[in-house]
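Just below is one structure, and these are the notes that go with it.
Please read all numbers here as calculations on a predicted model, not as lab measurements. Lettering follows sequence order; numbering is per chain, from 1.
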Amino acid sequence: MTKPNTYQTTLALTPTQFSECLKTWQREHGRHNLPWQQNPTPYTVLVSEIMLQQTQVATVIPYYHRWLQHFPTFQALAAANEDLVLALWQGLGYYSRARNLHRAARYVVDQFNSELPHSINALREIPGVGPYTAGAICSFAFDLPAPLVDGNVKRLFARYFGITGEVNSTKFNNKVWQLAEHYTPPQDNRIYAQALLDMGATICTPRQPQCTQCPLQTTCYARQTQCVDKLPEKKKPTPLPTRFAWFGIDYNATGVVLVQRGTDAVWPRLWCLPEFLNAPVAAIEHGQFRHVFSHYKLTATVVQFKAPATNTRVAWDDLPKFGLPAPIKRYLAKVRSNL
DNA sequence: AAGACGTGGTG
DNA sequence: TCACCAAGTCT
């Protein structure tokens, strides 16, 4: 007999009660003015969901508007040039999302006649669309009953249902998805799904959750047992290692030499100062910068060097046309301001 | 299964 | 300065 990893209180709401409670809360207290909630189409839902992966709402908003101005439809995006795609994603991070979204548009145009399918399985064929995004598209684009699990849902469910085990372990994830499916309402899933996200973002927050404002407080496992700050269980993070890198700079009053990075490195396909694999010998240092990634810290040294005449020299005024890594963009802005 | 993959906001 | 976090996916 295995120990159950879920503790349901006798007070737990039925799926119907649970979804009705959340939907009522959403109508009164949820977010209704986000840009992608205004006249949503399957395309705008896909764009917003990809941009919102691991990225906060406030950060996404300006990118979302700019994106739709340049690429209003699947067809427009499918026909776009990759440099413009990356330039418009510049600063958002996780750049494979941009290339996947570009590929997704081509896939939808070619395979689905420019219309998103309604089934989870078909949606999952699309580059960059994983289990969460497929559920989000069904929910937000089509108002269909489909489970959706993101960080908000994991946190809210872990607390409400008392799901133990390390967050993102296979066992934990399976349990959350199982509950998400069980509690998905057959009708009005769009507003229910939005309620899950908005509750997680505004009430059931990671730190200092607003339990007194929560419509689920009287039946919440964590609230009843006063372990809200213990759930979901997180693995202690290992400190980030530090790596070193060296970049060469060759510039004048007109512009600066840039190279396009490969697909297998960080900052794939972005334009960057040329990177040296090893510390250059006897080079003149031009400057340094530090940068923190999700999985390591970078200490970078920039050295002066003479680039081959065949290298691309980008005019200062043309930099916005290229996608540059955020720290490189900052560094070059400073260089230019000192000209 | 675990690691790669960005960045900016916040306490 | 620093730890933690944010609507995950891919390999």
Side-chain angles (χ1 to χ4, degrees), chain A residues 30-31 34-37 40 44-64 86 89-101 103-104 123-141 147-156 166-174 176-177 180 190 193-202 204-209 229 232 234-241 243 261 263-270 272 290-298 323-330:
Chain A
R31 298 174 291 188
L34 298 176
W36 39 90
Q37 294 174 323
T44 63
V45 169
L46 176 63
V47 169
S48 61
E49 288 303 333
I50 300 292
M51 285 188 169
L52 285 161
Q53 288 170 7
Q54 299 290 284
T55 310
Q56 297 186 334
V57 164
T59 303
V60 165
I61 288 175
Y63 286 87
Y64 175 80
L86 289 173
W89 204 271
Q90 195 289 313
L92 254 193
Y94 287 138
Y95 296 95
S96 65
R97 291 184 298 170
R99 295 192 301 130
N100 280 150
L101 182 52
R103 291 171 53 207
L123 288 166
R124 287 293 307 277
E125 297 173 18
I126 300 169
V129 175
Y132 163 77
T133 305
I137 291 170
C138 281
S139 302
F140 299 133
L148 138 177
V149 172
D150 75 331
N152 291 304
V153 177
K154 288 173 185 174
R155 187 170 57 251
L156 193 155
E166 188 180 295
V167 68
N168 287 333
S169 66
T170 300
K171 195 171 176 183
F172 178 94
N173 285 343
N174 286 344
V176 176
W177 274 100
R190 174 184 280 148
Q194 190 64 50
L196 288 176
L197 303 188
D198 287 12
M199 283 278 294
T202 64
C204 199
T205 50
R207 288 171 295 186
Q208 301 176 353
D229 56 347
K234 278 161 297 186
K235 177 166 55 178
K236 178 176 285 186
T238 61
L240 297 182
R243 295 187 197 172
R261 297 175 64 85
T263 55
D264 295 330
V266 292
W267 303 323
R269 305 304 290 161
L270 266 59
C272 187
R290 293 167 173 278
H291 190 64
V292 180
F293 292 93
S294 47
H295 48 311
Y296 63 92
K297 298 178 182 176
L298 181 70
L324 273 64
I328 300 292
K329 184 182 179 185
R330 274 194 297 271

To the nearest angstrom, how far is [X] atom [atom1] from [N] atom [atom2]?
X      : N      : atom1 : atom2 : result
A/Q37  : C/dA7  : CD    : P     : 14 Å
A/Q54  : C/dT9  : CD    : P     : 9 Å
A/R97  : C/dA7  : CZ    : P     : 13 Å
A/L101 : C/dC10 : CG    : C1'   : 16 Å
A/H295 : C/dT9  : NE2   : P     : 18 Å
A/L123 : C/dG8  : CG    : C1'   : 16 Å
A/D198 : C/dA6  : CG    : P     : 14 Å
A/Y94  : C/dG8  : OH    : P     : 10 Å

Sugar-phosphate only, base, or nothing, as touched by [X] at under 4.0 Å among non-hydrogen atoms:
X      : result
A/W89  : nothing
A/S48  : nothing
A/I50  : nothing
A/L270 : nothing
A/T59  : nothing
A/R124 : nothing

Proximity to DNA chain C (any heavy atom under 4.0 Å), residues of residues 127-138 of chain A only: A/P127, A/G128, A/V129, A/G130, A/P131, A/Y132, A/T133

Would you tell me whether [X] and [Y] have side-chain atoms, one donor and one acceptor, within less than 3.5 Å of each other?
X      : Y      : result
A/K235 : A/N168 : no
A/E49  : A/Y132 : yes
A/R31  : A/T202 : no
A/N152 : A/R155 : yes

For nucleotides 2-5 of chain C, print each protein N/O atom paired with a nucleotide N/O atom at under 3.5 Å, atom names and distance only.
{"residue": "C/dC5", "atom": "OP1", "partner": "A/K234", "partner atom": "NZ", "Å": "2.7"}

DNA chain B nearest-nucleotide lookup for A/A265 and A/Y63: closer to the 5′ end is A/A265

Want to settle it: does A/Y296 or A/Q208 sit nearer the 5' end of DNA chain B, counting the closest nucleotide to each? A/Y296

Just checking A/K154: does its NZ atom have more than 12 heavy atoms from other residues, nucleotides or ligands closer to it than 6.0 angstrom? yes

When you list every nucleotide of DNA chain B with an atom under 4.0 Å from a heavy atom of chain A, which one comes first 5' to 3', and which comes last? B/dA1 to B/dG9

